[in-house]
Amino acid sequence: MTRLGILISGRGSNMMALSDAIRDARIRNAEIVIVISDQSAAPGLEKARSCGLKTVIIERRGLVREEHEQLLLNTLRQFDVDLVCLAGYMRLLSPCFTDAYRRRILNIHPSLLPAFPGLDAQRQALEHGVKWSGCTVHFVDDTLDGGPIVAQSVVSVRDDDTVETLSARILEQEHQLYVEAVDLVVRGEYEVVGRRVLGV
Ligand code: GRF
């Protein structure tokens with residue numbers, strides 16, 4: 001059984017997509033053992049609790065980044081987490097964290113990386129004028145949205161799209177893509193060759 005730890009900062013819809021997929025056996029042999037938020041007001045916390053998931057709040061306030069990450073690591077270890085899923089977790093992680101869980105941290109990002117890393121990816125895509133965008137699940141290293149890509153899904157950009165409509169269409173894809181990617185990683189049917197994540 002793969003023990004998942006989910007890190008959130010906000011709404012938590014990707015976390016819920018993973019939780020629903022585990023409940024429905026679309027992801028097998030995995031369980032969410034802890035949800036950690038760095039924001040005490042994250043709406044995702046209540047959603048997690050309402051479906052019986054254990055939650056912990058670890059705020060950054062008053063701590064330097066390494067101290068905060070050490071607390072996160074302590075909690076992940078306390079719950080014996082094998083795979084960390086970032087789901088709208090809004091902080092960059094330093095090498096001290098990413099090395100501790102090397103190739104065992106996933107993130108979902110709302111663009112076709114390497115295009116539009118960082119904040120407001122959907123707005124960046126619209127403003128750039130691309131005709132296609134989408135979402136990416138990747139392993140996390142200490143670069144901004146830069147680790148090896150596990151899976152991507154493409155969404156067309158429409159002439160009448162706003163940031164809101166494009167974000168909503170991408171989000172629908174995110175929920176499916178994250179489930180597929182976590183399932184793949186849990187099954188272990190891949191290898192990482194350089195930057196490439198290949199199916200085996
Ligand atoms: C998603 O768009 C995700 O790609 C990005 O942050 C957003 C989080 O949404 N990293 P939610 O909290 O999962 O609803």
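Heavy-atom basis, side chains included; hydrogens, waters and symmetry copies ignored. Just so you know, these numbers come straight off a predicted model, no measurement behind them.
- By the ring pair (Phe, Tyr, Trp, His ring centres under 6.0 Å) test, Phe139 is found to be paired with Tyr190, residues two or more places apart in sequence or in another chain being considered.
- Note that the OG1 atom of Thr98 and the CD1 atom of Ile105 stand 6.0 Å from one another [nearest 0.5 Å].
- Within the 4.5 Å cutoff, no side-chain heavy atoms of Arg65 are placed close to those of Cys96.
- Of all heavy-atom pairs between Ile6 and Ala87, the closest is CG2-CB, 4.0 Å.
- Connection of Trp132 to Val157 is not established within any shared hydrophobic cluster, with ILVMFWY side chains joined at heavy-atom distances below 4.5 Å, either directly or through further cluster members.
- A heavy-atom distance below 4.5 Å is not found between the side chains of Glu164 and Gln122.
- The backbone N or O of Leu177 sits nowhere less than 3.5 Å from a side-chain atom of Ser153 that would complete a donor-acceptor pair.
- Residues Leu119 and Met90 form a side-chain contact, since some pair of their non-hydrogen atoms from C-beta on lies under 4.5 Å apart.
- Considering every non-hydrogen atom in both His109 and Gly118, the closest pair reads CE1-O, 3.2 Å.
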Tell me which donor-acceptor pairs under 3.5 Å the side chains of residues 16-26 have, and how far apart each pair is, sequence neighbours excluded?
unit_1 : atom_1 : unit_2 : atom_2 : d
Asp24  : OD2    : Arg26  : NH2    : 3.4

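- Put simply, the side chain of Gln152 gets close to the backbone of Leu113: a donor and an acceptor are under 3.5 Å apart.
- Qualifying ring pair (Phe, Tyr, Trp, His ring centres under 6.0 Å) partners for Phe116, counting only residues two or more places apart in sequence or in other chains: His128.
- Here the shortest heavy-atom pairing between Ser133 and Ile170 reads OG-CD1, 4.1 Å.
- Take Glu59 and apply the side chain to side chain contact (heavy atoms under 4.5 Å, CB included) test, not counting sequence neighbours, and it matches Ser40, Ile57, Arg61.
- Between the side chain of Arg3 and the backbone N or O of Phe79, at least one donor-acceptor pair lies under 3.5 Å.
- Around atom CZ of Arg123, no more than 12 heavy atoms belonging to other residues, nucleotides or ligands sit under 6.0 Å away.
- Looking at residues two or more places apart in sequence or on another chain, you find a side-chain hydrogen bond (donor to acceptor under 3.5 Å, both in side chains) between Glu189 and Arg187.
- Interatomic distance, Asn74 CG to Gln78 CD, rounded to the nearest 0.5 Å: 8.0 Å.
- Within the 4.5 Å cutoff, no side-chain heavy atoms of Val33 are placed close to those of Asp80.
- Note that the CZ atom of Arg196 and the CD1 atom of Ile149 stand 11.0 Å from one another [nearest 0.5 Å].
- Taken from NZ in Lys54 to CD1 in Ile34, the straight-line distance is 6.5 Å, to the nearest 0.5 Å.
- Ion pairing between a basic and an acidic side chain is recognised when a charged N comes within 4.0 Å of a carboxylate O; Glu172 and Arg169 show no such pairing.
- The distance from atom CG of Leu86 to atom CD1 of Ile36, rounded to the nearest 0.5 Å, is 10.5 Å.
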How far apart are the C-alpha atoms of Ser9 and Asp38, what are their side-chain angles, what is the distance that settles it, and do they pass the side-chain hydrogen bond (donor to acceptor under 3.5 Å, both in side chains) test?
-> CA-CA 6 Å; Ser9 297; Asp38 67 328; 2.7 Å; yes
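- There is a path of hydrophobic side-chain contacts, each under 4.5 Å, that joins Tyr178 to Ile27.
- No more than 12 heavy atoms of other residues, nucleotides or ligands shown are found within 6.0 angstrom of CZ on Arg158.
- Side-chain contact of Ser94 with Glu69: a donor-acceptor pair under 3.5 Å is present, judged by distance alone.
- The backbone N or O of Val154 sits nowhere less than 3.5 Å from a side-chain atom of Gln173 that would complete a donor-acceptor pair.
- Counting heavy atoms of neighbouring residues, nucleotides and ligands inside a 6.0 Å radius, atom CG of Asp159 does not exceed 12 of them.
- Under a 3.5 Å cut-off, the side chain of Tyr101 and the backbone N or O of Val140 do not form any donor-acceptor pair.
- Looking at Val197 and Val185, their side chains never come closer than 4.5 Å, going by heavy atoms from C-beta outward.
- Listed for the Lys47 side chain is no donor-acceptor partner under 3.5 Å among the backbone atoms of Ser13.
- For the atom pair CG of Leu71 and CD of Glu66, the computed distance is 12.0 Å after rounding to the nearest 0.5 Å.
- Listed by chain and residue number, nothing satisfies the salt bridge (Lys or Arg N to Asp or Glu O under 4.0 Å) test with Asp145 (two or more places apart in sequence, or in another chain).
- With contacts defined as side-chain heavy-atom distances shorter than 4.5 Å, the pair Leu171/Asn14 qualifies.
- With hydrophobic clusters built from ILVMFWY side chains whose heavy atoms lie under 4.5 angstrom apart, Val150 shares a cluster with Met15.
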